[in-house]
Each structure stands twice: as structure tokens, then as C-alpha cells.
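Working notes, structure below.
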Amino acid sequence: MAARYTQGGSMEQNGAMHRFALAARALAQHRTGMSPAIRNLVILLVVLAGGVYFLSTLAHEQPQKRVEKSVPNEALGR
């Protein structure tokens, strides 16, 4: 395995270790990387579903109440 020293004094390796580091970096980016379009779509769907649920809990139909009102006898004769 060839090694060379850079100006800063650190050793830079070529060959298998370098290829392994590149492959590991690419694999790590692939695992954690999600397309921004897909991520935004998922966020939008979650927000819409939450909004629909919230709106569904706001208004409920109230049962009708029977109201009785006394009518004076004069009003019935007219």
C-alpha cells in the first residue's frame, strides 16, 4: 500500500483504504438521504391529515330542542 506525506505532515493513503472510505461515505449518504420532493410531500400529507382531523372535531350537530311557548287565548280567536 502506497503512502505519502502531505505538506501538513499527515499521511495520505491510496488504495484499498481510500476506496473503502469513499464507499462508506456514499453508503452513509444513501441511507440518510431522502429526496427533498418526497420529504416535502410527506410533510404536506401529514399536515393535511392533521388539519382534516382537527376540523372534523370542531363542529357537531346539536340535537333539536322542543320549545313550548304559551299563547294567550285572544291570539287563538283571531
Side-chain angles (χ1 to χ4, degrees):
M1 185 177 333
R4 66 183 172 116
Y5 289 94
T6 61
Q7 270 187 335
S10 64
M11 187 168 63
E12 192 177 79
Q13 295 179 346
N14 293 330
M17 290 299 288
H18 184 69
R19 285 191 302 268
F20 177 75
L22 289 177
R25 185 179 306 142
L27 185 61
Q29 287 176 350
H30 179 69
R31 284 186 190 162
T32 60
M34 181 185 284
S35 168
I38 293 175
R39 184 185 63 227
N40 291 341
L41 182 63
V42 169
I43 291 171
L44 179 67
L45 289 176
V46 168
V47 169
L48 283 177
V52 167
Y53 176 76
F54 175 73
L55 290 176
S56 72
T57 61
L58 286 181
H60 292 286
E61 190 173 327
Q62 299 294 325
Q64 293 182 352
K65 296 179 184 176
R66 186 175 185 137
V67 178
E68 294 186 17
K69 184 177 179 183
S70 62
V71 179
N73 285 336
E74 301 87 41
L76 289 176
R78 292 188 189 182

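L44 meets the side-chain contact (heavy atoms from CB on, under 4.5 Å) test with L48; sequence neighbours excluded.
Using a 4.5 Å cut-off between side-chain heavy atoms of Ile, Leu, Val, Met, Phe, Trp and Tyr, L41 falls into a hydrophobic cluster with L45. Residues V47 make up the rest of the hydrophobic cluster containing I43, defined by ILVMFWY side-chain heavy atoms closer than 4.5 Å, directly or through other members.
With values rounded to the nearest 0.5 angstrom, E68 atom CD is found 6.0 Å from R66 atom CZ.
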